[in-house]
Amino acid sequence: SPNALAELCGAAQTPPMHPAQPVCGKESFMSYIISPPEETALQAHLHKLRTQLHEDPELSWQEHRTTRLVRRELEALGLEPVPLGLPTGTAALLRGALPGPTVGLRADLDALPITERTGAEFASRVPGVMHACGHDIHMAALLGAARLLAARREQLAGNVLFLFQPAEETGEGAEGCCELFRLEHIDEIYGLHNLPGFRFGQVYTTLGSFAPASFGMTMRFHGKTSHAAYPKDGICPAYAVGRLLAALPEISAPGNFSGM
């Protein structure tokens, strides 16, 4: 059966693909949902928003100015505020006029402790802090989706929760937002990440995990010392280390694990 997002869009479900392949291009999607004048106005508004967000980055759990800006945009669209119960971050609900699923759309707010040296006209004005991971783009994109869908609530089959998550870079913000899944009866939730190196205007997806974070792993090999005259009484861990290094390509081959 079609998934919740396909029901909202009124479109056929796209079959899963592997490896990462484009789902839709800018031309097909934009012509489906937006007229040229509306697209021009939206692009100008989002460009201004993205510039503001990039110039004023904030670190994890410190995104107070960012939260206020996003909240003003959501309130201007007449969306229902949804309390997060967190120091920063915000959410809002758009109720469609027609029955259907509740879908969550998520973006992240926080920046990184990096000094920007890009030379861009809209470079960070906060010393030592920069939107180096593109969360300013994510926020602007989600606010754009909110504007598009809010203007079409009479044709919307279902509800959309717009979630702006704090503290993504520390890995702490998502846990605090999970209670929303139960309270708002969210059927599915979607997020995206800007992906340099791929064709402009396309969305890519794949089966299983995609671009996840890694916490790394430390392995310690313990041997046994012996007198140089009696090497047979010792245990050298170098052989085990060598076998592991030789086996790593096979261990990490996509066919040998199923992701998260």
Side-chain angles (χ1 to χ4, degrees), residues 20 42-77 79 81-82 84-92 103-149 160-178 180 186 189-198 200-205 209-215:
L42 181 64
Q43 286 181 342
H45 182 72
L46 296 185
H47 182 271
K48 180 180 177 181
L49 269 179
R50 191 258 170 146
T51 297
Q52 288 179 284
L53 291 165
H54 192 89
E55 288 179 338
D56 191 20
E58 296 175 290
L59 297 175
S60 303
W61 296 125
Q62 300 176 28
E63 314 99 324
H64 298 286
R65 297 185 303 275
T66 304
T67 296
R68 287 195 294 269
L69 188 155
V70 169
R71 193 170 286 156
R72 285 196 301 269
E73 288 288 318
L74 297 173
E75 290 173 352
L77 298 174
L79 306 186
V82 176
L84 281 182
L86 299 174
T88 54
T90 190
V103 172
L105 300 178
R106 170 261 184 202
D108 29 26
L109 303 181
D110 51 340
L112 287 164
I114 296 174
T115 298
E116 181 165 1
R117 296 186 175 89
T118 62
E121 294 183 2
F122 55 91
S124 171
R125 297 181 179 179
V126 181
V129 185
M130 175 189 178
H131 270 301
C133 200
H135 295 184
D136 52 327
I137 301 172
H138 300 168
M139 287 184 279
L142 187 52
L143 288 170
R147 290 175 70 89
L148 285 173
L149 293 174
V160 183
L161 180 83
F162 300 97
L163 170 61
F164 292 82
Q165 175 202 315
E168 187 274 341
E169 296 293 354
T170 63
E172 299 169 325
E175 183 177 2
C177 297
C178 287
L180 283 178
I186 297 176
I189 186 163
Y190 294 85
L192 59 79
H193 204 290
N194 63 89
L195 202 60
F198 286 81
F200 173 75
Q202 291 193 325
V203 177
Y204 285 74
T205 187
S209 56
F210 183 53
S214 172
F215 288 99

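What you are looking at is a predicted structure, and each value in this text was computed from that prediction instead of being measured.
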Please report the closest heavy-atom contact between [X] and [Y], naming both atoms and the distance.
X      : Y      : result
Leu163 : Leu84  : CD1-CD2, 3.8 Å
Thr118 : Ala123 : OG1-CB, 4.2 Å
His131 : Leu53  : CD2-O, 3.2 Å
Ala92  : Leu74  : CB-CD1, 3.9 Å
Leu86  : Cys177 : CD1-SG, 4.0 Å
Leu180 : Ala91  : CD1-CB, 4.4 Å

Compare all side-chain heavy atoms of [X] with those of [Y] and state whether any distance is below 4.5 angstrom.
X      : Y      : value
Met130 : Leu112 : no
Val160 : Leu79  : no
Leu59  : Pro113 : yes
Thr88  : Thr66  : no
Glu73  : His45  : yes

Rounded to the nearest 0.5 Å, what separation is found between the [atom1] atom of [X] and the [atom2] atom of [Y]?
X      : Y      : atom1 : atom2 : result
Leu105 : Tyr190 : CG    : OH    : 9.0 Å
Leu143 : Leu148 : CG    : CG    : 11.5 Å
Leu195 : Phe200 : CG    : CZ    : 14.0 Å
Phe164 : Arg106 : CZ    : CZ    : 11.0 Å
Leu69  : Asp56  : CG    : CG    : 8.5 Å
Thr205 : Leu192 : OG1   : CG    : 11.0 Å

Check this for me: His193, atom NE2, are more than 12 non-hydrogen atoms of other residues, nucleotides or ligands nearer than 6.0 Å?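 It does: His193 NE2 has more than 12 such atoms within range.
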Please collect all ring-ring contact (aromatic ring centres under 6.0 Å, His included) contacts where either partner lies in residues 53-76, sequence neighbours excluded, each pair once.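 Those involving residues 53-76 are His54-Phe122.
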Pairs meeting criterion salt bridge (Lys or Arg N to Asp or Glu O under 4.0 Å) with involvement of residues 161-178, two or more places apart: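 Residue pairs with at least one partner in residues 161-178: there are none.
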Which pairs, with at least one residue in residues 110-128 and sequence neighbours excluded, count as a salt bridge (Lys or Arg N to Asp or Glu O under 4.0 Å)?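 Non-adjacent pairs meeting salt bridge (Lys or Arg N to Asp or Glu O under 4.0 Å): Glu55-Arg125.
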With Leu109, which of Glu63, Gln62, His135 fulfils side-chain contact (heavy atoms from CB on, under 4.5 Å)?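 Exactly one pass, corresponding to Glu63.
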Checking side-chain polar atoms at under 3.5 Å, does His138 have a donor or acceptor matched by the opposite partner on Gln165?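 No pair is found: no donor N or O on one side chain lies under 3.5 Å from an acceptor on the other.
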Would a distance-only check, ignoring hydrogens and angles, find a side-chain to backbone donor-acceptor pair under 3.5 Å from Asn194 to Cys133?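 Yes.
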Under the side chain to side chain contact (heavy atoms under 4.5 Å, CB included) criterion, do Leu161 and Ile186 qualify, and how do the steps go? CA-CA 8 Å; Leu161 180 83; Ile186 297 176; 3.4 Å; yes
